[in-house]
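Atoms within a ligand are numbered from 1 in the order they appear, just like the ligands themselves.
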Amino acid sequence: MSNSLLISGASQIVTVRGRGPRRGAALSKIAVLHDGAILVRNGLISAVGPSAKVEKLADSKKAEKVEVGGRVVLPGFVDAHTHLIHAASRAEEYELRIRGASYEEIARQGGGILNSVKKLRAATAEELKGRARGFLEQFAEHGTTTIEAKSGYGLDVTSELRVLSLHKELDAEQPLEIVSTFLGAHVVPLEYRGTSEGKRQYLELLEKRMIPEIAQNGLAEFCDVFCERSAFSLSESRSVLKAGKARGLSPRIHAEQLSNTGATLMGIELGAASCDHLEYLKPADVRALAKSKTVATLLPGCDFHLGLRRYAPARELIDAGAIVGLATDFNPGTSPTLSMPMILSLACTQLRMTPAEAIAAATINAAYSLGREKRIGSIETGKQADMAVFEVADYREIPYYFGVNHCWMTMKRGEMVYLRD
Ligand code: NIG
Ligand code: FE
């Protein structure tokens with residue numbers, strides 16, 4: 001078989017080429033090719049441009065032809081915030097919330113994240129892995145080719161290390177790329193609650209035992225913290241992120257999701273790769289993000305699922321010049337979706353981002369937040385051949401047809417990992 005592939009016949013190739021990350025007006029410049037083709041060699045994009053030119057090159061390389069029949073080609077989505085590994089859904093809490101209980105009330109009664117912790121600890125590694133594999137197939141079916149994955153439902157040494165090891169194993173055993181993040185500071189586990197010393201002891205365990213062991217074994221690239229009144233305070237969060245950073249784990253942070261804690265300013269001060277959620281941003285936070293290299297990763301799936309009707313100020317962020325990203329936040333509590341096309345729909349209708357802005361936020365800017373913008377996030381010569389083809393004629397139809405998955409084919413490093421029957 002030839003190691004070259006020619007992708008031709010697209011109605012549009014959304015290349016998102018050019019310098020990343022994208023800020024302000026540049027976010028919507030996604031560089032669409034109308035009569036274009038892509039040549040893939042050994043898993044990399046070796047040419048992209050006008051069909052006639054690329055096809056001639058393909059002939060000389062005896063490339064195998066992949067005809068996409070008037071569909072739209074996008075860079076594969078980069079989902080830079082997921083809680084991939086969890087043991088079960090929390091559909092019972094979904095119903096309780098519909099009946100009027102709040103997310104924080106449910107958490108105070110031992111539900112929420114602690115509910116998922118109890119279930120994860122009771123599950124075997126094989127069960128967790130099998131379930132995650134199923135999800136990874138679904139990510140691929142929705143056009144996602146790289147995901148970030150957080151621990152945070154283990155919250156003891158054995159369970160956290162087990163989940164992070166599973167990230168590593170899954171990354172090696174299936175085609176999608178998994179970027180591992182340690183989120184031991186998700187909430188204080190039950191066994192450390194109820195005594196005044198408990199939280200301090202848990203933080204000590206995190207910083208003195210878990211982080212060093214994780215760093216030593218290369219089990220995570222990033223360290224995340226849930227900075228919120230019901231989880232960790234600003235100074236506790238800072239301390240954990242600094243401990244991670246000292247061991248080479250770059251900071252990311254769950255910030256201003258349910259209240260404003262100052263997490264965004266603190267994250268920027270520590271050079272965080274990303275501040276995520278941001279529903280309760282203040283104008284000073286927006287200004288600080290605009291001046292920083294920290295990505296503002298917005299997660300509208302959470303607000304939609306929780307029915308909170310308060311979305312992050314995406315327009316203000318974009319207009320101020322912040323680097324805006326988008327992700328699913330796939331998790332059983334606040335955002336049980338792994339569909340980036342659905343996130344694009346929410347970004348367009350609820351965050352008032354244009355389809356072009358949403359696509360750039362979900363590809364090149366998300367790749368930048370994972371430190372991978374030179375390798376993934378756009379269709380450009382020399383980058384990995386990570387692409388998603390959609391059964392539409394115009395890229396705007398991807399968010400427009402909300403709740404329907406139009407992904408027709410997904411390619412990772414030049415390998416077809418999903419093709420609709
Ligand atoms: O990103 N906010 C904290 N963590 C998750 C929710 C986790 C859960 O409810 O299980 C989030 O929303
Ligand atoms: Fe999250």
Can you check whether H406 and Y400 have ring centres sitting under 6.0 Å from each other? no
Is any side-chain heavy atom of S230 closer than 4.5 Å to a side-chain heavy atom of V187? no
Among non-hydrogen protein atoms, atom 9 (O) of ligand 1 lies closest to Y103 OH, 2.4 Å
For I113, the ligand 1 atoms with a heavy-atom partner under 4.0 Å come out as 7 (C), 8 (C), 9 (O), 10 (O)
Please identify which atoms of ligand 1 are closer than 4.0 Å to at least one heavy atom of T334. 6 (C), 9 (O), 11 (C), 12 (O)
Pull out every atom of ligand 1 sitting under 4.0 Å from any heavy atom of H277, numbered as shown with elements. 1 (O), 11 (C), 12 (O)
Using a strict cut-off of less than 4.0 Å between a Lys/Arg side-chain nitrogen and an Asp/Glu carboxylate oxygen, indicate whether R315 and E357 qualify as a salt bridge. yes
Does atom CZ of R23 have more than 12 heavy-atom neighbours, drawn from other residues, nucleotides or ligands, at distances under 6.0 Å? yes
The atoms of ligand 1 lying under 4.0 Å from a heavy atom of D329, numbered in the order shown, are 1 (O), 11 (C), 12 (O)
Please determine if the Fe ion (ligand 2) has an N/O/S atom from H81 lying under 2.8 Å away. yes
With the Fe ion (ligand 2) at the center, what angle do OD1 from D329 and NE2 from H254 span, rounded to 10 degrees? 170°
For H83, the N, O or S atom at the shortest distance from the Fe ion (ligand 2) is NE2
With a 4.0 Å cut-off on heavy atoms, is H81 touching ligand 1? yes
Atom indices of ligand 1, in the order listed, that fall short of 4.0 Å to a heavy atom of H186: 3 (C), 4 (N), 5 (C), 7 (C)
Under 4.0 Å from a heavy atom of R90: give me the atoms of ligand 1 that qualify, with their elements. 8 (C), 9 (O), 10 (O)
Of all protein heavy atoms, the one nearest atom 7 (C) of ligand 1 is Y153 OH, 3.3 Å
Can you find an N or O of Q257 that's nearer than 3.5 Å to an N or O of ligand 1? yes
On the 0 to 90° scale, with breaks at 30° and 60°, tag the H254-H277 ring pair as parallel, tilted or perpendicular. tilted
Hey, what's the ring geometry for Y153 with H186, parallel, tilted or perpendicular (30° and 60° as the breaks)? tilted
Flag if over 12 foreign heavy atoms under 6.0 Å of CZ, F304: no
Any salt bridge between E415 and K412, counting N to O under 4.0 Å? no
Can you see whether Y280 has R310 sitting over its ring - NZ or CZ less than 6.0 Å from the centre and within 45° of the normal? yes
